[in-house]
2 protein chains.
Amino acid sequence: MREEPVITRLMTAALERPELLSLAAGFTDNSRLPAAAVERAVAALRASDPGKTYLQYGRNAGDPELRAALAEHLRSFPEETLPGLGPDDMIVTNGSQQLLYMTVQLFCDPGDTVWVQAPSYFVFLELLRGLGVRPVSMPSAPDGAVDTEACRRQLRQWRAAGGAGRPRLAYLMGAFANPSARSLSKEEKAALAEAFRAEAPDLPVVEDMAYRELFFGEPPTVTSMLSMEAWHDHPVLYAGTLTKPFATGLKTGYGLTRSTVWREGLERIKGHQDFGSSQFAQAVLREALRCGDYAHHLREVRPFYAVKAARLEDVLERAGLRAQGWHWESPRGGLLLWLRAPDGLDTSFDGPLWRAAMDESVLYVPGDLCFAEGAPRNFVRLSFGALAAERIEEAARRFLRAAARAAG
Amino acid sequence: MREEPVITRLMTAALERPELLSLAAGFTDNSRLPAAAVERAVAALRASDPGKTYLQYGRNAGDPELRAALAEHLRSFPEETLPGLGPDDMIVTNGSQQLLYMTVQLFCDPGDTVWVQAPSYFVFLELLRGLGVRPVSMPSAPDGAVDTEACRRQLRQWRAAGGAGRPRLAYLMGAFANPSARSLSKEEKAALAEAFRAEAPDLPVVEDMAYRELFFGEPPTVTSMLSMEAWHDHPVLYAGTLTKPFATGLKTGYGLTRSTVWREGLERIKGHQDFGSSQFAQAVLREALRCGDYAHHLREVRPFYAVKAARLEDVLERAGLRAQGWHWESPRGGLLLWLRAPDGLDTSFDGPLWRAAMDESVLYVPGDLCFAEGAPRNFVRLSFGALAAERIEEAARRFLRAAARAAG
């Protein structure tokens, strides 16, 4: 009895059926992968490290110099003061996925629950189920907004019940969330901080910031919880990745937390799981950060993805999709567009839109996969990450044809 | 309450106290790390893959071309026919450590047991305990030999008891075992195959071959279980690594098995844990295998480690350690020397040898860490992997001084 995760199913489909245009996979655009920067970094490492430590085992918690560079890098964002936090509060992982997995291992046993936004990152929902843990939705709007008042009431109920039924962990996406592309506002986070402090001061909170670097236009003030006074005494983990915005093939994520219990727990699990991520990949990233290639690359890819987002939206707009009852917000960062289909149009694997999309050779992520339970069946996640701009337009036209067929 | 794995404790000590000479850590020799080959591989990838797939996400199970090259590489060893096995029977992991971890996750629940040699790989024993699983010793001699007859009797007893008390998994080291440096003979493996077939045909067996490539002298005929007719219908996993013998910083291991249940189970867990290892590291290794640099590197490092082993032994021999009641077999491969101390000399962290070694600034692995239970306290694991040849001699002299102080 095989239960293949949706992520591998979609990745395999994208890799194996070249005629399919995928608006589903979370891949970035190959044409923009920093081949020259990576080659330069490897040459620079060879020249600057005659002891060749970059090709040897490193530390379980990650390369200390990379962690120092990372802490500095994070502080380069507006309002990210990260008081009291440094390289020793950080752990480097095999992508942020391993960080999330170990966090669930640390706090949850099979049968436990985790509180997630509705919608949330579907790969995380599957990760939970793979560990026998059940995601439950926090009061949220399907556009990604959190109903902080209702959250507070729910936390209060759990406290009144002596903690019975309370989740072991809360998982929030702070910036350009997957799938909604929405960022939590400082006000939402402040209200949540107050609710957690009053009703659940010991409930660990993950803030996933995987997409924060991929903003469009001016650097937005996405202040992480770790930089907010209101969250200072709460167990919060900042989950990040260096490779989503740079080169996914280097697979390097990281976590940052003031909670010693959390960090040491992650280190203990990582010590058993692989006793340290690839030192080579970490050294390449450290060198790219050091010499400026990392920052340069990001300055290049941000407008590039902004243009692709606009091209995708433009085709949908001009075909009059909104007039047919579809709705979406323009993303201000990330790689995703989150569409609400007309009421009654079933976008799931079992519905007419998916069948029509398969016929038109275009892949999307059915929105219902992004909900813990009680999923609405009229949402669609489109990614403008992987496809070249011209192919995005063709994919969008296929999607429009599929939408027309499914509606008719 | 912190329970730091010994591996991270020893690695951190080695990294942080440069005055310590470590005969403990399983590092390879930095001076031989293939910096030129890695740089060449990165340049070749850039030139040959304009689509830059080597910097993008790859597949959950690992790069198909790497797996194909690996299958071919394994067949280059004498008598390794690996009938019926190919790239689709393989999974690539973050070092072989992740493969072992996922295997235990797949087959064991907390409270279960795993059958291990006595001695066994201490990092694996810790991995088990980290997952709440208890290692139990199979009948073995402390030099690494397995008592196949006693194993058969034990398996029969478990079968007679309806399986009560039987481990969920057996873990064997096929080649230059850690710590004994001994390889299982074909006769031992054949006898074990018969015992398992008769008494436990469904009990999964891991054959860890991490050190097989690091042989001294002529290629030995270390036929893996997967190439032996007697094991053909048994669930066996070959656990290997590409990076221990090449560049540990690339952190790439792999598993090979005929068991669909096993492989698919590993893929499912990996899909949740990180959905695929670094494609970049895999591509570098694929290129090094393709262009011959991998094979060339191994031809160079084998005699290099053989010389270091001889230097270490030579110092111990000439100081008359054997006459003082110490015993060891000359290793024929691997990175380790496994010493039996005189009866009554406690080599553990609590004993006089460890204290004396700390005073002399030399690190070793206390042998008792390598046993599941009932550990003899008079064994020592020395590694000649990391230290340069001159420093090995100095470390050996320090060890000799520590041994003299502990005895006196």
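None of the values given here were measured: they were computed from a predicted structure. Letters A, B, ... mirror the listed sequences (proteins, then strands); counts begin at 1.
Ala36(B) touches chain A through backbone and side chain together, each having a heavy atom under 4.5 Å away. Both the backbone and the side chain of Phe280(B) have a heavy atom closer than 4.5 Å to some heavy atom of chain A. Heavy atoms closer than 4.5 Å to chain A are found nowhere in Arg40(B), neither backbone nor side chain. If you measure heavy-atom distances from Thr93(B) to chain A, you find no contacts under 4.5 Å at all. In this structure, the portion of Ser31(B) lying under 4.5 Å from any heavy atom of chain A is its backbone and not its side chain. Contact annotation for Gln282(B): neither backbone nor side-chain heavy atoms come within less than 4.5 Å of a heavy atom of chain A.
The cationic atom of Lys251(A) (NZ for Lys, CZ for Arg) lies less than 6.0 Å from the six-membered ring centre of Phe275(B) and within 45° of the ring axis.
To the nearest 0.5 Å, the span separating OG on Ser278(B) from CG on Asn94(A) amounts to 9.0 Å. To the nearest 0.5 Å, the span separating NZ on Lys52(B) from CG on Asp29(A) amounts to 8.5 Å.
Annotation: maximal heavy-atom pairing with chain A below 4.5 Å, among Ala283(B), Gly130(B), Ser96(B), occurs at Gly130(B). The candidate from Asp274(A), Leu33(A), Val42(A), Leu127(A) with the greatest count of non-hydrogen atom pairs under 4.5 Å with chain B is Leu33(A). Put simply, of Ala247(B), Ala35(B), Pro50(B), Pro34(B), the one with the most heavy-atom pairs under 4.5 Å next to chain A is Ala35(B). In terms of non-hydrogen atom pairs under 4.5 Å with chain A, the most contact-rich of Lys270(B), Arg46(B), Gln279(B) is Arg46(B). In terms of non-hydrogen atom pairs under 4.5 Å with chain B, the most contact-rich of Gly253(A), Ala43(A), Ala281(A) is Ala43(A).
Side chains of Leu131(A) and His272(B) form no contact here, defined as non-hydrogen atoms less than 4.5 Å apart. A heavy-atom distance below 4.5 Å is found between the side chains of Leu55(B) and Val38(A). Residues Glu39(B) and Glu39(A) form no side-chain contact, since every pair of their non-hydrogen atoms from C-beta on lies 4.5 Å or further apart. Contact check for Gln105(A) versus Gln105(B): side-chain heavy atoms found under the 4.5 Å cut-off.
Below 30°, between 30° and 60°, or above 60°: for Phe27(A) and Tyr57(B) the angle between ring planes is above 60°, a perpendicular geometry.
Using modelled atom types, no side-chain atom of Gln56(A) and backbone atom of Thr248(B) make a donor-acceptor pair closer than 3.5 Å.
Of all non-hydrogen atoms in Gln97(A) and Gln273(B), the two that sit nearest each other are CG-O, 3.5 Å.
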